[in-house]
Trainee: 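Structure provided below as structure tokens; questions to follow.
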Protein chains: 2
Amino acid sequence: MSAHDSDTTRERIADAAGEIFADRGFDGTTVRDICQRAGANIAAVNYYFGDKKRLYVEAVVRAHRWRMEQFPLPDWPVGTPAEKKLADFITTFIRRVRIGPEITWHTRLMMREMAHPTDACVELAQSSIRPQFEILLQILRELVPEGTTVDELRLAAFSIVGQCLFYHFADPVIRNLLTTEDYTSLDVQRLAEHITEFSLKSVRHMAQHEREEALR
Amino acid sequence: MSAHDSDTTRERIADAAGEIFADRGFDGTTVRDICQRAGANIAAVNYYFGDKKRLYVEAVVRAHRWRMEQFPLPDWPVGTPAEKKLADFITTFIRRVRIGPEITWHTRLMMREMAHPTDACVELAQSSIRPQFEILLQILRELVPEGTTVDELRLAAFSIVGQCLFYHFADPVIRNLLTTEDYTSLDVQRLAEHITEFSLKSVRHMAQHEREEALR
DNA sequence: AATTGATTTAAACAAATGTTTAAAACAATT
DNA sequence: AATTGTTTTAAACATTTGTTTAAATCAATT
């Protein structure tokens, strides 16, 4: 099925570890479970990775690499309208975080690491976030009225990212709130369209607030 | 300090358990740690709660109760404008989820339970969510142009809740992204104002999309 | 003061878990 | 065929962890 076919033992273990760590967290995962799923001997973890902790780090690194090459941002030709860039950004972002039938453990493991950072992975996780955040800020800068402060810009960025992340972290809640039918209708494209529209409307009227204030 | 003063042993243990469960999760928490922090004997957990699992459930129940009475929604007099209700809802919601210096373990434990539900608590957690969600839907119904479908309404609600939850789940990331100064400026009121404005702008123009579509 | 029931304590138990070991099996090279 | 280095295996080890036990302590009542 998942991580049992032709691969080196090292890789089978890393994959099996990723799956189980993603589901049950570091403490909830036993070395025995990993080795069993990988079809390897109990001693293999220490033989190949030294200890459980270093195996965990390896799994996170792999998850990160896989996700980065799996869901790249398009490189926009100069002159691409900012609206298009924002739509692309949001679509890509949702693809990266949304849990769905086709989604592997990689995303779940990374999200776990974001919410509860392990000291071993804190730089990795966050060094990958900052550049993405900067890209979003640049896109928003093009959309927002002149004179918008960087603080307002950041809050707008948080609002957008928050909407996307919701469909990851609140997944159990959403499943419970909606019928199966309604839940499955929430595919990536639908969500991306909604969030893009919702956000564009706000971002375009970003300075409206100050204008209103000024009129009083 | 935290859970060591004059209280019954049972209560001291429940509180200490809540704190540690919130920080390290169920598997990462040992009964010995709990009893030590509570200043109780190792056997006290089983004496008062039967086993570790039932103590966990008790901690979650307490966290839920505490949060509900700590951050109630105001009961709006008839005729309160929907804008005001939305602002109140968002403020209350952020108070409930935001991590801050004054926030106790209760919120962290509940959020953990939302993201990774335990079979023992799944009904509790989710039965508390649905009514809140319905309230938000009703508020939005007043704000949104006539003819807005319930699906669109739900997506808008998700967008609002998502923005609020972001400041909980992404807290480690935000801390890393911002300077200490900028981070501390993100108090509840500031966030609530931003999210309310951001969302109101979108919600009011909710039907704009269909109108644009119709014009094509 | 004696009795009764509840609580606390120290010690022990059994199971689970991360890790190590030493021998066996395997694969490639000479 | 012998050798060498790598990989796999079963068993054991040392801790940790949840739980239990039986005695001791405490508190209230008779």
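Note: hydrogens, waters and symmetry copies are ignored here, and every other heavy atom, side chains too, is used.
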Trainee: Send over the distance from A:Asp7 CG to D:dT7 P, rounded to a whole Å.
Mentor: 15 Å
Trainee: Take nucleotides 17-24 of chain D nucleotide by nucleotide from the 5' end and write B, S or -, depending on whether a protein heavy atom sits under 4.0 Å from the base, only from the sugar-phosphate, or from neither.
Mentor: BBBBB---
Trainee: Would you call the rings of B:Phe89 and B:Phe93 parallel, tilted or perpendicular, where under 30° means parallel and over 60° means perpendicular?
Mentor: parallel
Trainee: Between B:Lys52 (side chain only) and B:Val45 (backbone N and O only), is there a donor and an acceptor less than 3.5 Å apart?
Mentor: no
Trainee: So, using salt bridge (charged side-chain N to carboxylate O under 4.0 Å, His left out) as the criterion, who are the partners of A:Glu142 when residues are at least two apart?
Mentor: A:Lys85
Trainee: Can you check the B:Tyr48 OH to C:dT9 C1' distance for me, whole Å?
Mentor: 12 Å
Trainee: Can you tell me how far C1' of D:dT16 sits from CD1 of B:Ile34, to the nearest Å?
Mentor: 15 Å
Trainee: Under a 3.5 Å distance rule, please check whether A:Asp51 uses its side chain to pair with a backbone N or O of A:Arg54 as donor and acceptor.
Mentor: yes
Trainee: Within less than 4.0 Å of OP1 or OP2 of C:dT8, is there a side-chain N or O belonging to B:Thr9?
Mentor: yes
Trainee: Any pair with a residue in residues 120-140 of chain A that passes ring pair (Phe, Tyr, Trp, His ring centres under 6.0 Å), sequence neighbours left out, goes on the list, sorted by first then second residue, please.
Mentor: A:Phe133-A:Phe158
Trainee: Would you call the rings of B:Tyr56 and B:Phe26 parallel, tilted or perpendicular, where under 30° means parallel and over 60° means perpendicular?
Mentor: perpendicular
